[in-house]
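Numbering of ligands and ligand atoms starts at 1, following listing order.
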Amino acid sequence: MMSSRKFFPKAPLLFKSLSTSMRLSAEDLFVHRDTSENNALTPFEFTEPNMARIAALVQNYPSGAQRSVLGAALDIVQRQIGWIPISAMHKVAEILSVPRVRVYEWATFYTMCKRRYRGKYHVKVCSTTPCMLRGAEIILRATEEATCCTVGGLSPDKIFGVDIVECQGACVNAPVLVVDDDYYEDVNVCDVYNIIKAIKCGKIPQTGPQNGRYASEPICGFTTLLEPPPPPGFGIQAALVSKK
Ligand code: FES
């Protein structure tokens, strides 16, 4: 096949790559592979308070429908030890009397289920379209540099794990950085360094928009609903107004 450079020798960049999409290097395998840290014999037991939590959740459903607690039970595992080894999946299957494959299905489908240790603080950078258009790639690079951690890996001290995630449901405040359950919105590179620095010092940075917005209102101030709303009955034709 003849190279395109022969025809367009002065435009090599045009043919360098057809896609500029971000490489999702944090995507985990959807299948399980036994490792020394994650296998069916990895020690895992629910703590007593967590067993009580699961028992209370099961009570919310009709008898025989305890399978509905599956997602919550996996979340409890994750909050207890920070991730979900396969032995914990087996424990959940046993407690809820569901086939193990049902638990595997859940844990491999939902990306919020961490099937390997992702550090004391799991830092997630949203890369879906609105965040990408608002600079997610730069935010990601800043996050990697601030945490000393590349995407999909752990920082040398295992404090941070960084991952790329899909839409976190806060697009109107893009770009978005999520640390565990906390959302940092409207972030810029400087905010990323400040947030990570504060976490390193044991502080919990102010969550929410970082650019002074209260929520998702326009940054330049309100543009609608500037006057008090009209009273009830406004605009109703005279014939329909009750004559008391
Ligand atoms: S695209 Fe990032 S929060 Fe929706």
Side-chain angles (χ1 to χ4, degrees), residues 17-30 71-72 74-76 78-79 82-84 105-155 159-200 203-225:
S17 169
L18 287 177
S19 162
T20 55
S21 301
M22 197 186 290
R23 190 167 58 93
L24 292 179
S25 45
E27 286 188 339
D28 283 325
L29 274 181
F30 289 106
L74 287 176
D75 186 59
I76 289 172
Q78 195 161 277
R79 285 174 195 279
W83 63 295
I84 308 174
E105 284 169 352
W106 186 290
T108 54
F109 182 78
Y110 292 106
T111 52
M112 73 268 261
C113 292
K114 294 183 260 176
R115 292 187 296 116
R116 61 196 174 98
Y117 184 62
R118 301 302 302 119
K120 184 174 176 193
Y121 300 100
H122 189 201
V123 184
K124 294 158 275 185
V125 180
C126 175
S127 71
T128 307
T129 314
C131 282
M132 191 183 71
L133 292 173
R134 299 272 298 154
E137 260 186 272
I138 297 167
I139 297 300
L140 177 65
R141 298 301 155 232
T143 307
E144 287 183 313
E145 200 175 298
T147 57
C148 303
C149 173
T150 51
V151 172
L154 287 173
S155 58
I159 296 288
F160 293 104
V162 175
D163 279 310
I164 295 171
V165 289
E166 296 303 325
C167 181
Q168 297 292 290
C171 323
V172 88
N173 292 82
V176 172
L177 181 82
V178 181
V179 182
D180 296 333
D181 291 336
D182 294 332
Y183 276 51
Y184 300 96
E185 303 159 346
D186 295 317
V187 289
N188 59 27
V189 168
C190 210
D191 297 325
V192 172
Y193 284 104
N194 289 339
I195 290 164
I196 301 297
K197 190 172 162 199
I199 292 173
K200 280 181 182 169
K203 297 181 191 152
I204 300 174
Q206 178 67 43
T207 55
Q210 304 292 306
N211 64 348
R213 289 206 280 180
Y214 174 72
S216 53
E217 72 280 7
I219 188 73
C220 53
F222 292 114
T223 56
T224 57
L225 302 176

Checklist entry - Should Ile195 and Val187 count as side-chain neighbours, where that means a heavy-atom distance under 4.5 Å? => result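 Touching, per the 4.5 Å side-chain cut-off.
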
Item to check | Sub-4.5 Å side-chain heavy-atom contact between Val179 and Tyr121 | outcome: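 When only atoms from C-beta onward are counted, Tyr121 and Val179 do touch, with a gap below 4.5 Å.
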
Under 4.0 Å from a heavy atom of [X]: give me the atoms of ligand 1 that qualify, with their elements.
X	value
Gln168	3 (S), 4 (Fe)
Pro130	1 (S)
Cys167	1 (S), 3 (S), 4 (Fe)

Checklist entry - Is a side-chain N or O of Asn173 found less than 3.5 angstrom from the main chain of Ala215, in a donor-acceptor match? => result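 Looks like yes, one N/O pair under 3.5 Å.
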
Next on the checklist: Any side-chain to backbone donor/acceptor pair from Lys124 onto Asp180? Under 3.5 Å, distance only.
Outcome noted: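 Confirmed, Lys124 side chain pairs with Asp180 backbone.
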
Checklist entry - Any salt bridge between Asp181 and Arg79, counting N to O under 4.0 Å? => result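 Salt bridge present between Asp181 and Arg79.
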
Next on the checklist: Distance check below 2.8 Å: does Cys126 bring an N, O or S atom to atom 2 (Fe) of ligand 1?
Outcome noted: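 Within the cut-off used here (under 2.8 Å), Cys126 does place an N, O or S atom near atom 2 (Fe) of ligand 1.
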
Checklist entry - Is atom 4 (Fe) of ligand 1 under 2.8 Å from any N, O or S atom of Cys131? => result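 Coordinating: no.
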
Checklist entry - What do you reckon, does Ala170 put a non-hydrogen atom under 4.0 Å from ligand 1? => result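 It does; at least one heavy atom falls under 4.0 Å.
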
